[in-house]
Trainee: 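There's a structure below that I have some questions on.
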Amino acid sequence: MKKKIAIFISGRGSNMKAIVEQCRNGILKNLVDVEVVFANKEDAAGLDYARSMGIRTKWISSKGLKRSVFDQKVIDFLDGFTIDYIILAGYMRVLSGIFVNAFSGKIINIHPADTFKHQGLHAYEWAFNNNLQETKITVHYVDEGMDTGAVISQHIVDLKGVQTLKEVEERGLKVEHKFYSEIIRMLILNETN
Ligand code: GAR
């Protein structure tokens, strides 16, 4: 039985796009259906891509709303679906306890750094400014903290010889786009075997 996922984004959505491609023609084919792409902003650019692929989209503005009030609206929306995993892909909001408890153990995030060393925004800038020779991409379960949930897996990004922040981002995103789907596949196969 295929697993149903909701992908949450806040912007560009390149990780979401990579996952959708793997669901259509790659390692997630016959394993995963993307039920909905959700954004906390109307202008999240990734929504256009999802719509163009015929995927249901939904946005609810989080602007000015208390965290728990916004999260309850999202929970109410998802009530109409059966969702096995919530995949955060550049979703730039810390989740409240109300949301984490509603989907306990089912929320996954990708962070472009070692979450033991760096949390929050600008992880590639952090790696570049500190002249790191390598950084790590982390896929982890999500709790109420900012990038503090239990680590599922990490993947090294070789940064030797990089000259610009753009190069750091390019090398990192290349890893993210492959790694995230691999881990989603591993989780699902572990669960079903
Ligand atoms: C990605 O690099 C993702 O790992 C990062 O935001 C970017 C979103 O890009 N997430 C975090 O920093 C979470 N703390 P995308 O919208 O193109 O996938």
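In this chain, numbering begins with 1 at the start of the sequence shown. Note that the structure is predicted; figures quoted are calculated from it, not measured. Atoms within a ligand are numbered from 1 in the order they appear, just like the ligands themselves. Hydrogens, waters and symmetry mates are skipped; everything else that's a heavy atom, side chains included, is used.
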Trainee: So, 4.0 Å and heavy atoms of Gly120: is ligand 1 close enough to count as a contact?
Mentor: yes
Trainee: Can you name the nearest heavy-atom pair linking Ile60 to Lys73, along with the distance?
Mentor: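 Nearest pair, atom of Ile60 first, then Lys73: CD1-O, 4.0 Å.
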Trainee: For the pair His155 and Phe179, name the ring-plane relationship: parallel under 30°, tilted 30 to 60°, perpendicular over 60°.
Mentor: perpendicular
Trainee: Quick one: does Glu169 get within less than 4.0 Å of ligand 1, heavy atoms only?
Mentor: no
Trainee: Between Asn109 and ligand 1, does any nitrogen or oxygen pair lie at a separation below 3.5 Å?
Mentor: no
Trainee: What do we get for Glu176 next to ligand 1 when only non-hydrogen atoms under 4.0 Å count, side chain, backbone, both or neither?
Mentor: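 Side chain only.
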Trainee: Applying a strict under-4.5 Å side-chain criterion to I, L, V, M, F, W and Y, I'd like to know whether Val151 and Val94 cluster together.
Mentor: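 Shared cluster, no.
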Trainee: What residue and heavy atom of the protein are closest to atom 14 (N) of ligand 1, and at what distance?
Mentor: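 Nearest neighbour among protein heavy atoms for atom 14 (N) of ligand 1, to 0.1 Å: His111 ND1, 3.0 Å.
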Trainee: Mind checking whether Tyr124 and Phe128 have ring centres under 6.0 Å apart?
Mentor: no
Trainee: If hydrophobic clusters are built by linking Ile, Leu, Val, Met, Phe, Trp and Tyr wherever their side-chain heavy atoms come under 4.5 Å apart, do Ile107 and Ile9 end up in the same one?
Mentor: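 No, it is not one cluster - the side chains of Ile107 and Ile9 are not joined through contacts under 4.5 Å.
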Trainee: Which residues pass the salt bridge (charged side-chain N to carboxylate O under 4.0 Å, His left out) test with Glu170, not counting sequence neighbours?
Mentor: Lys166
Trainee: Atom 12 (O) of ligand 1: which of Pro112, Ser14, Ala123 has the nearest heavy atom?
Mentor: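 That would be Pro112.
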Trainee: Classify the contact between Met16 and ligand 1 as side chain, backbone, both or neither, using a heavy-atom distance cut-off of under 4.0 Å.
Mentor: neither
Trainee: Show which atoms of ligand 1 fall inside a sub-4.0 Å distance from at least one heavy-atom site of Ile110.
Mentor: 4 (O), 10 (N), 13 (C)
Trainee: For the atom pair CZ (Arg171) and OG1 (Thr135), what is the distance rounded to the nearest 0.5 Å?
Mentor: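 Rounded to the nearest 0.5 Å, the CZ-OG1 separation comes to 12.5 Å.
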Trainee: How far is atom 16 (O) of ligand 1 from its nearest protein heavy atom, and which residue and atom is that?
Mentor: Gly13 N, 2.8 Å
Trainee: Could you tell me if any non-hydrogen atom of Asp147 lies under 4.0 Å from any atom of ligand 1?
Mentor: yes
Trainee: Any atoms of ligand 1 less than 4.0 Å from a non-hydrogen atom of Gly90? List them with their elements.
Mentor: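 Ligand 1 atoms under the 4.0 Å threshold to Gly90: 6 (O), 8 (C).
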Trainee: Could you tell me, atom by atom, which parts of ligand 1 come under 4.0 Å of a heavy atom of Met92?
Mentor: 5 (C), 6 (O), 10 (N), 11 (C), 12 (O)
Trainee: Could you list the donor-acceptor pairs under 3.5 angstrom formed between side-chain atoms of residues 27-46 and any protein atom two or more places apart in sequence or on another chain?
Mentor:
from  : atom 1 : to    : atom 2 : distance (Å)
Asp33 : OD1    : Lys2  : NZ     : 3.1
Asn40 : OD1    : Ser10 : OG     : 2.8
Asn40 : ND2    : Ser62 : OG     : 3.1

Trainee: By the definition side-chain hydrogen bond (donor to acceptor under 3.5 Å, both in side chains), identify the one residue from His111, His118, Gln119 that meets it with Asp147.
Mentor: His111
Trainee: For ligand 1 and Gly11, I'd like to know whether there is a polar contact (N/O to N/O, distance under 3.5 Å).
Mentor: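 No, since none of the N or O atoms of Gly11 sits under 3.5 Å from an N or O of ligand 1.
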Trainee: Any idea which atoms of ligand 1 are less than 4.0 Å away from a heavy-atom of Arg12?
Mentor: 9 (O), 15 (P), 16 (O), 17 (O)
